[in-house]
Amino acid sequence: MRDIDQLIARYIDTWNETDPAARRAAIDELWAEDGAYTDPMGVARGCEAIDATIAAVQGQFAGLTFTLAGPVDAHHDIARFTWELGPAGGEALVVGFDVAVLTEDGLIDKVHGFLDKVPAGV
């Protein structure tokens, strides 16, 4: 497995980590200190805001799990990947596509998220 594949797998894992201390430790390890996550719902700048965003998504979609929905496609310092959010073993309720930009040190600098499938009312 390539380093970028491992990094993105660990990134997805942070979205599933419900222990606040463990989630924050993983974010601090994976992200640049001033990293930014952007999707149609908003922007989170810095590890504290990214952590708060993940916690809010977990609260909104309690009990659902993020999974990679295919291989990570990467070159240079950029990776793109599709993910799904749904019940374990069930049909995805949300499907998204993210583009991650890495620092020279291999940390996540930016994630640009796109939502391809979203339940009505979200």
Side-chain angles (χ1 to χ4, degrees):
M1 182 179 279
R2 300 176 303 170
D3 288 344
I4 190 72
D5 293 321
Q6 293 174 351
L7 179 71
I8 298 305
R10 291 176 63 210
Y11 164 78
I12 293 293
D13 288 345
T14 63
W15 287 87
N16 293 319
E17 180 56 68
T18 57
D19 177 83
R23 182 180 59 242
R24 181 55 191 265
I27 290 168
D28 289 344
E29 185 179 332
L30 298 174
W31 283 82
E33 188 175 327
D34 60 349
Y37 174 84
T38 305
D39 70 17
M41 309 303 279
V43 177
R45 287 190 175 85
C47 291
E48 185 174 333
I50 292 164
D51 186 25
T53 296
I54 293 172
V57 169
Q58 290 176 349
Q60 184 176 8
F61 296 101
L64 301 183
T65 303
F66 283 90
T67 57
L68 280 172
V72 175
D73 183 21
H75 64 82
H76 298 87
D77 63 349
I78 301 170
R80 65 179 181 157
F81 51 95
T82 300
W83 52 265
E84 296 178 340
L85 175 64
E91 182 180 344
L93 301 175
V94 182
V95 177
F97 177 89
D98 286 1
V99 176
V101 181
L102 309 181
T103 67
E104 288 182 13
D105 297 333
L107 297 174
I108 300 170
D109 185 36
K110 292 179 177 54
V111 172
H112 306 282
F114 298 85
L115 300 174
D116 298 323
K117 176 185 172 185
V118 180
V122 173

Side chains of Thr103 and Asp77: closer than 4.5 Å at any heavy-atom pair? no
So which heavy atom on Gln58 is nearest to which on Arg23, and how close? OE1-NH1, 2.9 Å
Find out whether Trp15 and Thr53 are in side-chain contact, i.e. whether some heavy atom of one side chain is under 4.5 Å from a heavy atom of the other. yes
When rounded to the nearest 0.5 angstrom, what is the spacing between OG1 in Thr18 and CD1 in Ile54? 12.0 Å
Verify the cluster assignment for Leu7 and Ile78: are they in a single hydrophobic cluster under the rule of side-chain heavy atoms below 4.5 Å apart? no
Is it the case that one hydrophobic cluster holds both Met41 and Val94, taking links as side-chain heavy atoms less than 4.5 Å apart, direct or via other members? yes
So does Gly42 get a backbone contact from the side chain of Asp39, meaning a donor-acceptor N/O pair under 3.5 Å? yes
Working to the nearest 0.5 Å, report the span between CG of Leu30 and CG of Leu102. 10.5 Å
Under a 4.5 Å side-chain heavy-atom rule over Ile, Leu, Val, Met, Phe, Trp and Tyr, are Ile108 and Val99 clustered together? no
Should Val95 and Leu68 be counted in the same cluster of Ile, Leu, Val, Met, Phe, Trp and Tyr side chains packed under 4.5 Å apart? no
Beyond-backbone contact of Ile50 with Thr14, side-chain heavy atoms, under 4.5 angstrom: no
Any side-chain to backbone donor/acceptor pair from Asn16 onto Thr65? Under 3.5 Å, distance only. no
Using the six-membered ring wherever Trp is involved, compare the ring planes of Phe81 and Tyr11 and label them parallel, tilted or perpendicular (cut-offs 30° and 60°). perpendicular
Flag yes if Ile27 and Leu107 sit in one hydrophobic cluster, no otherwise; membership is Ile, Leu, Val, Met, Phe, Trp, Tyr, and two members link when side-chain heavy atoms are under 4.5 Å apart. no
